[in-house]
Q: 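Here it is, the structure, as structure tokens.
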Amino acid sequence: MEVVEKGLNQLFMDPDPDKAREFFAKKSRSMTDKRMTEKEAVEKFVPNGCFLAIGGFGAIRIPTAFIHEILRARRKNLGFYGHTSTHDFQLLCAGRCIDRVDIAYVVGLEARGLSPNARRVMESGEVQVCEWTNYALTARLRAAAEGVSFGIIRSMLGTDTLKMSGARVIECPYTGKKFAAVPAVWPDVGIIHVHEADIYGNCHIRGISVSDLELARAAKHVIITAERLVDNAAIRINPTRTVIPYYLVDAVIEVPFGSYPGNMPYLYYSDEEHLSRWLQAEKDPEEFKRFLDQYIYGVASFEEYLERCGGLAKMRELQRLEALVDR
Amino acid sequence: MEVVEKGLNQLFMDPDPDKAREFFAKKSRSMTDKRMTEKEAVEKFVPNGCFLAIGGFGAIRIPTAFIHEILRARRKNLGFYGHTSTHDFQLLCAGRCIDRVDIAYVVGLEARGLSPNARRVMESGEVQVCEWTNYALTARLRAAAEGVSFGIIRSMLGTDTLKMSGARVIECPYTGKKFAAVPAVWPDVGIIHVHEADIYGNCHIRGISVSDLELARAAKHVIITAERLVDNAAIRINPTRTVIPYYLVDAVIEVPFGSYPGNMPYLYYSDEEHLSRWLQAEKDPEEFKRFLDQYIYGVASFEEYLERCGGLAKMRELQRLEALVDR
Amino acid sequence: MTTEYNMMELMICVASRYLEDGKTVAVGTGAPCATAMLAQKMAAPNLVILFEAGGIAPMLPQMPISVGDSRTFFRGIMAAGMAEMMTTCCRGLVDYAFLGGAQIDRYGNINSTVIGDYYKPKVRFPGSGGANDFASLCWRTLVMTVHSKSRFVEKLDFVTTPGYLTGKGAREEAGLPPGSGPYKIITDLAVLDFEDKTKAMRIESVHPGVAVDKVRKETGFQLIVQEMVEETPPPTETELEILRDEVDPLRLIIGRS
Amino acid sequence: MTTEYNMMELMICVASRYLEDGKTVAVGTGAPCATAMLAQKMAAPNLVILFEAGGIAPMLPQMPISVGDSRTFFRGIMAAGMAEMMTTCCRGLVDYAFLGGAQIDRYGNINSTVIGDYYKPKVRFPGSGGANDFASLCWRTLVMTVHSKSRFVEKLDFVTTPGYLTGKGAREEAGLPPGSGPYKIITDLAVLDFEDKTKAMRIESVHPGVAVDKVRKETGFQLIVQEMVEETPPPTETELEILRDEVDPLRLIIGRS
């Protein structure tokens, strides 16, 4: 198939659907209890050097607790799928965990500004980069979820974003029109925070799904952190609500307030005060080191982190904010 | 883009996404009351010769009431998207409404057997045909829903199904592997029966969605028949449940038992006795004519059809069957 | 004394033994569904049943009439749609496809489209439905069909659904996923599989009281026959009991023969 | 006497007038969102607001902090996902994209990726996010940015998001949907549009008390200036009242300048 134009950057993952099929052929389909701790799941599914994708939207419905554990486990040379990432990317940069990134959105925290530390990391030239757009990264996961090697979109065309990507411009076999072909990506591990899951991994999500349905189907290993566990009967009574079926899932971890300081739709709002303390602390590397020791490396568990951030009182406050009781 | 192999049959619809964009550019985005009668909707959106696609799964969650109206309006030369069609196709053949069909599954009624009348129609050679598979027809709608001119799948390859289709075999620009490229299709009108809708067209569906989410996004005009209408507040209170947003919808028709004699998940089971009477009646063209007069042409409304089929007592029976109270 | 059973009961019991525990199977309605249900109640309690319209792992309260009716997702773990099902197959997560068949040839290709000329057919059948998709995308295709010369033919009027196409390597050449293809054909006379060297149909075992020549006689093409042909173990008391009492008490399927 | 207003209030009020009633707009957080909210409360009550993460037509209770936070689908008509949003844009159902900008050139191309060398940048910005997608797929792109030589440059360090690329016809040549592209650029000094013949940036109107030369001086490339340049009508009392009291009472956005 004739390629009209080719992005200059290399792909971090192989888009061959048959290699993915070989992997999924061996993946268990049995409904078994998949509960484990963050520690066990990092140990088992997040080796140094693996390629990581995180669900949610940067500071909304993110698996904060699990990312903290990746930092405490001192993981290095991870690849990262930088779609709509904000605080999640900020965390991985804080731990210096990554050495290559597919970029649609990184470094920034939307209206909150840019992360000084993430900028230092990205401007150091030590991290391998490849440019994309938010939709392109969703489309790459979707292609993988469909079990094919590429998908076509009408974004990126004519820009340096395409030039510095791994995309290829092709012509439609019916209309001759140009499209950007984006390669399927099967991340080694996808980590998704949800509202409810059963012990097998069947999941409910309330509110926007962002790209998580595609990610759950593309990732070779899927780790679910859930606000609460529910009985399997709660899944089966309304199968229309299931958005991630258990056979995609490798680990289930119950983590109340697991998206803090991010927003968890319908449950609690983001802690903007804590997030701006992050940006503040990052300005001075020395102070930032102390900050990280205080909040991540110096704590044994996520519960302890929550305590240091204000504990139950703070959580209650964020719940009221989310419920629009306090504005 | 090099085409390795080409299906021999012609496409009934233009896969140009820019022509579709021109149409959708003009489509209203305002939330207005879209309620109308079946008659008005057929008049307005189903002219002779237009290309039709029907939601549901043949005899599950189908817009029976609306199809009856198409017959009563004596529509002719319609194109039909024959994905997973059973009783819906049987009805359109009964009315001799169609002259061209994209075929994945027609003529049959699954375990119930083949429709003698639909066979007569299809074996007459008067209907233009093009062969596909169920997934290929879903993928064609999905490509349209994505606003692109084609999608790629790994079905159809190597078979006469591909040879007698409009698909084209291409090679992946990354792996060189062969895929079947299937052309996007934007049906002129898509008719979908749902559980609940508001007067603007925001819809809830319970149970399997089959290909209806893709269809609602691909069809130029979308007609919704709903078991019941709900207030817009019932949509907004839980936006996660919305599967079809109002701006895709052109007409909303409230039709209780609208899928009868088909199954409506969670509400009523299919009337197998009535469906086998259909197959029985079709054997003899003369008797079938009388049968159609009795049940479709001779009735003024769908309510009257329901009455002739046993009315409320029959509906109650099918509700109990669905609820597994009577087996 | 041996237990009494009819042809359909025989086929279902024999076929059910090929569905391993902990695997996924995409089934059509009728016999394939009954077979999967029997397997679940016998050796494969963790067999995951999928329906093309979107039903995943239901607690089937009774035999569905359609692959899309509400039974196919009754207390299921998910009620999805066609795309979810087919993409799950394409990703390599579905182990078995279980199909019925009209016409079949030596390489396990199936015709369910037309008899006679395509544009003016003697008989118009439904077409592929999801059969071509499942047989293309799932790892192993099982087919259940009555054994007769009119069904086991030298040349299909129409190749609706891919078996091994023209023989070894042809699927891969066409672009179908490597390692997939027909696995077992279960008929009322025998179980057939495919020889590795050629991917041509071979007798794996003949059913009790059926002679190899009878199978040959009812097959419209040359079958591969090994020196020693085993006899299919007949349905057990338990298999028949569960099939009759729990799987198909209304005899919707097993009452057919 | 004229009403007092700051630069941000001016830009938001002026920009909001370009959003027609009954149209769809994809917005980012901050000023674009405030602008759409103001438009809804003024002349465009039926303006449909979409957020890239999946929020559709919310009854925004307050300014969202993120384009994905729970406010973006509060009492919305649908809480979908990224693919739903972007495919809706690609089908031609979204009339406006409303973006902010770092660097912009004469054809409305935007840089939000890097300053300096791509592989070892002086400044690494977030990248496209959804901006390239929106500007590629929506019909009309509006950009709101502060007017300065450092932002309005002759040559971008990186073309993140497509405007008219190299001029008339270039978008179509690249494969972008015909009829789409930049519509208005709203700055603190002027409103700019694009000349049909060349698709190059042109002064549409200058804000009250701003001289055309001032606009020229703050622009790093040759602007097209018509003989008669209109003055932008200033924010009205009502616009400012609603913006301050209802849209942004906490002055999260309008407090910035």
Side-chain angles (χ1 to χ4, degrees), chain B residues 1 16-33 141-149 151 184-186 197-205 213-220 222 230-249, chain D residues 19-26 36 40 44-51 53-61 70-96 133-134 136-140 171-172 175-181:
Chain B
M1 166 161 166
D16 180 348
D18 290 312
K19 294 211 183 91
R21 276 179 64 93
E22 281 168 38
F23 177 88
F24 288 117
K26 296 186 194 71
K27 186 160 183 165
S28 164
R29 293 92 159 90
S30 299
M31 272 179 61
T32 52
D33 185 345
L141 292 171
R142 185 177 60 202
E146 290 173 9
V148 297
S149 55
V185 60
W186 287 271
D198 66 13
I199 62 174
Y200 312 111
N202 295 299
C203 301
H204 292 163
I205 289 175
L213 310 193
E214 293 85 351
L215 172 58
R217 285 148 182 80
K220 289 182 176 167
V222 174
V230 296
D231 185 80
N232 176 252
I235 298 292
R236 291 188 181 273
I237 198 64
N238 188 1
T240 312
R241 276 196 66 194
T242 309
V243 288
I244 300 174
Y246 77 91
Y247 49 77
L248 304 175
V249 175
Chain D
L19 300 173
E20 288 171 70
D21 195 30
K23 300 281 188 183
T24 42
V25 58
Q40 278 186 331
N46 302 305
L47 179 70
V48 182
I49 303 180
L50 307 166
F51 293 90
I56 304 179
M59 290 179 164
L60 286 165
S70 44
R71 302 338 184 192
T72 62
F73 50 91
F74 178 76
R75 290 189 195 153
I77 60 111
M78 188 174 185
M82 174 77 61
E84 176 77 25
M85 281 305 145
M86 295 306 183
T87 56
T88 301
C89 296
C90 198
R91 288 201 305 280
L93 276 160
V94 181
D95 302 302
Y96 307 107
D133 303 303
F134 282 145
S136 296
L137 307 175
C138 300
W139 289 107
R140 295 170 155 189
R171 279 178 72 93
E172 294 74 6
L176 292 168
S180 62

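Residue numbering restarts at 1 for every chain, and letters A, B, ... go by the order of the sequence lines.
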Q: Drop me the distance from D:Thr24's OG1 to B:Phe24's CZ, to the nearest 0.5 angstrom.
A: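 CZ of B:Phe24 is found 12.5 Å from OG1 of D:Thr24.
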Q: Under a 4.5 Å heavy-atom cutoff, which of B:Thr242, B:Ile244, B:Asp198 has the most pairs with chain D?
A: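 Result: the option with the highest number of such pairs is B:Thr242.
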Q: With a 4.5 Å limit on heavy-atom distance, are the side chains of D:Trp139 and B:Arg21 in contact?
A: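 Yes, side chains in contact.
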Q: Quick check for you: among B:Asn202, B:Leu213, B:Val243, B:Ile237, which has the greatest number of heavy-atom pairs under 4.5 Å with chain D?
A: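 Heavy-atom pairs under 4.5 Å are most numerous for B:Asn202.
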Q: For B:Pro245, which atoms come within 4.5 Å of any heavy atom of chain D: side chain, backbone, both, or neither?
A: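 Both parts, heavy atoms under 4.5 Å.
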Q: Backbone N or O of B:Ala20 within a donor-acceptor pair of the D:Arg91 side chain at under 3.5 Å?
A: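 Between the backbone of B:Ala20 and the side chain of D:Arg91 there is no qualifying donor-acceptor contact (under 3.5 Å).
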Q: Where does B:Leu248 contact chain D at under 4.5 Å (heavy atoms): side chain, backbone, both or neither?
A: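 Only the side chain of B:Leu248 comes within 4.5 Å of chain D.
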Q: What are the two closest heavy atoms between D:Cys90 and B:Gly147, and how far apart are they?
A: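 Where D:Cys90 meets B:Gly147 most closely, the heavy atoms are SG-O, 3.5 Å.
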Q: Is a donor on one side and an acceptor on the other found under 3.5 Å between the side chain of B:Arg29 and the backbone of D:Asn46?
A: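 Not a single qualifying donor-acceptor pair exists.
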Q: Rounded to the nearest 0.5 Å, how far apart are CZ of B:Arg142 and OG1 of D:Thr87?
A: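 The OG1 atom of D:Thr87 is 12.0 Å from CZ of B:Arg142, to the nearest 0.5 Å.
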Q: Where on B:Ala144 is there a heavy atom nearer than 4.5 Å to chain D: the side chain, the backbone, both, or neither?
A: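 Backbone only.
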Q: Could you pull out the closest heavy-atom pair between B:Pro239 and D:Gly76, with the gap in Å?
A: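 B:Pro239 and D:Gly76 have their closest heavy atoms at CB-O, 3.4 Å.
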Q: Could you look at D:Ile77 and say if it's the side chain, the backbone, both or neither that has a heavy atom under 4.5 Å from chain B?
A: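 Both backbone and side chain of D:Ile77 come within 4.5 Å of chain B.
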Q: Taking salt bridge (Lys or Arg N to Asp or Glu O under 4.0 Å) as the definition, give me every residue that meets it alongside D:Glu84, ordered by chain and number, with sequence neighbours left out.
A: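 Applying salt bridge (Lys or Arg N to Asp or Glu O under 4.0 Å) to D:Glu84 gives B:Arg217.
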